[in-house]
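For ligands, and for the atoms within them, numbers begin at 1 and follow the listed sequence.
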Amino acid sequence: MIRIFKLKNIISIKDFEREDIEYILDEASKLEDIAKSREVSKELKGKLLGLMFFEPSTRTRMSFETSMKRLGGECIGFESSGSSSVSKGESIADTAKMFEGYSDALVIRHELEGVSKFISDIVDVPVINAGDGAGQHPTQTLLDLYTIKKEIGEIDNLKIALIGDLKFGRTVHSLSNALGMFKNVKIYLVSPPELKMPQEVLHDINKTNVTWQEVDSIEKIIDDVDVLYVTRIQKERFADIGDYLKIKGAYIINKKMLEGKDLIVMHPLPRIDEIDTDVDNTKYNKYFTQAANAVPVRMAILKTLIKNNPK
Ligand code: CP
């Protein structure tokens, strides 16, 4: 059966169906050789990707740039509002219209939820949400799922603990929504009381077959999971630094607590102190592999959206 990828924009993983996710993961698998071989294909030769990053990023911006270049295309853009005319008072809408004129697709990161959706409503080129505030980070979820499938063998029947900042963490919101499309998934939610998973995300999960449980310690669930998905307590999301300092370091994974366990450790990164560096040189560390998997997955996304929606 020939599958078709129907979406023009990637704004929320909730816009996907399971077959859309599987389409991107399959395409990513086919592109992995090019991603790893350091070769350059001609798939997107002559195409330009617009990178509008209003909020800092290392992995997302660099992996989109790498992916576009590996496909033979090029990138334009800015890394912060300060280096664009937004700092002179130009509106986001006008800025997006400029990018629409110059490029074949836009990648947008912004500290406010909904900005990518707003831009997708006013431009004709495909728009990719690279993280909007505490909202969604759908392309991170696709590379997370790609990593889980490669490392565990399947996404169905997964037992996963989401740990850390579940309130503001857009990666865990998107991932929870995506896991709802798979069979027999169990999610343990491990966070300080102040950073629990928002009710609206739980409401979404409740509409699926996923079972979930809130727990207050990693020790209680560590023998029952395939994946520890660790996230950073995000200092930049707190209005009061005192509130951040009270819960900073609440959950820390180290090598000793992992010994003898049959699981992998993932993290969208950046890491502060929530995974001890003594885990880095163990078989449990899949967070650097996960970051590298961003290239084939984002290559698949760019190839699909730009080829399906020629200007
Ligand atoms: N995982 C992720 O979004 O990392 P960056 O903030 O560095 O892009």
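- At least one test fails for Arg109 against the ring of Phe53: distance under 6.0 Å to the centre or angle within 45° of the axis.
- Note: Tyr287 OH to Ile253 CD1 = 9.5 Å, rounded to the nearest 0.5 Å.
- By the rule that hydrophobic residues join a cluster once side-chain heavy atoms approach within less than 4.5 Å of another member, Val215 and Leu195 end up as members of separate clusters.
- Rounded to the nearest 0.5 Å, atoms CG (Leu162) and OH (Tyr229) are 8.0 Å apart.
- The CD1 atom of Ile122 sits 11.0 Å away from atom NZ of Lys117, with the distance rounded to the nearest 0.5 Å.
- Near ligand 1, residues Ser57, Thr58, Arg59, Thr60, Arg109, His137, Gln140, Pro268, Leu269 come within 4.0 angstrom through at least one heavy atom.
- For the ring pair (Phe, Tyr, Trp, His ring centres under 6.0 Å) test, residues two or more places apart in sequence or in another chain that qualify with Phe16 are Phe5.
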